[in-house]
Protein chains: 2
Amino acid sequence: MEEKEFLHVHEEVIAKVQEKMPEEERLYQLSEFYKVFGDITRVKILFVLLQGEVCVYDIACLLDMTQSAISHQLRILKQMQLVTYRREGKTMFYSLADDHIENILRLGMEHICE
Amino acid sequence: MEEKEFLHVHEEVIAKVQEKMPEEERLYQLSEFYKVFGDITRVKILFVLLQGEVCVYDIACLLDMTQSAISHQLRILKQMQLVTYRREGKTMFYSLADDHIENILRLGMEHICE
DNA sequence: CCACAATATGAATATCTGTTCATATGAAGT
DNA sequence: ACTTCATATGAACAGATATTCATATTGTGG
């Protein structure tokens, strides 16, 4: 038998990781944030809004989906503060909340296209 | 009544969006890609691997989860090519596939912390 | 080749998620 | 006020997802 200590758990690694690991709450928020991008309908909506503000019905037409389905998804995007809205009469115009979102979509696309 | 044509669908917007919209397949891949980041366990694993290569059991210890659960999630990360592995005897050491992943995690964290 | 150690896998289950359908809200014109 | 248009919302159902438990695979030392 060699002088290897087969400790099963590598203490140094454990310690190093524990030191640098973000808090549970932050990690949870991060996963919740990315979860929003993890649905094709929401991704499509975000790409639509890259072109500027668009009303609910137009989004529904573009995605060939019911107004209700879109509205539900917009609620999620709103809650996560990825989109904002503006009222004009009966019509609601949605747009991206900030340009972080564009960066995130681009970065993801880059990874896909390698 | 004003000279507004209330067409309900805004043709110019529709046309503009349709022109610039990525293909369905790409959008699907993108959402599938982000879906991986949309689970706290996988996010935790990725943050662990930011510190370098770590074996399965150590990950399980760090996250206080069963080896089986971790192994299942590693399979998904493997399939999506977010991690690679190296065998050393009975032990498998996992590590991040490339540095894109670190960028994506950082970008997400930035957005959370605003 | 046998026993054990490290990891992987399959089936089952409980929970979560997205769409649909019906209905509600809210604004504008008559 | 009433009707219509644009959007929002609630309940329900179907499909997806993560963990658990039991078991299989693969490598190592004796």
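Only a predicted model underlies this, so the values are computations on that prediction, with no experimental measurement involved. Residue numbering restarts at 1 for every chain, and letters A, B, ... go by the order of the sequence lines.
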Decide yes or no, distance alone: a donor-acceptor N/O pair under 3.5 angstrom between the base of [N] and the side-chain of [X].
X: S68(A); N: dT9(D); result: yes
X: Q67(B); N: dA8(C); result: yes
X: H72(A); N: dT17(C); result: no

### Task
State, with a plain yes or no, whether a side-chain heavy atom of F37(B) is found less than 4.5 Å away from one of I104(B).
yes

### Message
So H10(A) and C55(B), do their side chains get closer than 4.5 Å, heavy atoms only?
### Response
yes

Hey, does the side chain of [X] come within less than 4.0 Å of [N]'s phosphate (OP1/OP2), counting only N and O?
X: T91(A); N: dA6(D); value: no
X: Q73(A); N: dT19(C); value: yes
X: S71(A); N: dT7(D); value: no

#### Entry: Single-linkage hydrophobic cluster V56(B)~L63(B), side-chain heavy atoms < 4.5 angstrom
yes

Quickly work out the [X] [atom1] to [N] [atom2] distance and round it to whole Å.
X: I70(B); N: dA18(D); atom1: CD1; atom2: C1'; value: 11 Å
X: M80(A); N: dT17(C); atom1: CE; atom2: P; value: 10 Å
X: F93(B); N: dA5(C); atom1: CZ; atom2: C1'; value: 14 Å
X: R75(B); N: dT17(D); atom1: CZ; atom2: P; value: 12 Å

### Query
So what does Y94(A) hit on the nucleic acid, given a heavy-atom distance under 4.0 Å: a base, only sugar-phosphate, or nothing?
sugar-phosphate

Kindly point out which of [options] is positioned nearest to the side chain of [X]?
X: C55(A); options: dA8(C), dT7(D), dT19(D); answer: dT7(D)
X: Y57(B); options: dC21(C), dT7(C), dT19(C); answer: dT7(C)
X: K90(B); options: dA8(C), dA6(C), dT20(C); answer: dA6(C)

#### Entry: DNA chain D contacts among residues 26-50 of chain B, heavy-atom distance under 4.0 Å
K35(B), D39(B), T41(B), R42(B)

### Message
To the nearest 0.5 Å, what is the distance between CG on D99(B) and CG on L105(B)?
### Response
12.0 Å

### Task
To the nearest 0.5 Å, tell me how far L49(A) CG sits from K44(A) NZ.
14.0 Å

### More than 12 heavy atoms from other groups under 6.0 Å of OH on Y28(B)
no

### Message
Between E88(A) and R86(A), is the salt bridge (charged side-chain N to carboxylate O under 4.0 Å, His left out) condition met? List the steps.
### Response
CA-CA 7 Å; E88(A) 190 179 310; R86(A) 175 179 72 84; 3.1 Å; yes

### Message
Judged by each residue's nearest nucleotide on DNA chain C, which is more toward the 5′ side, R87(A) or M65(A)?
### Response
M65(A)

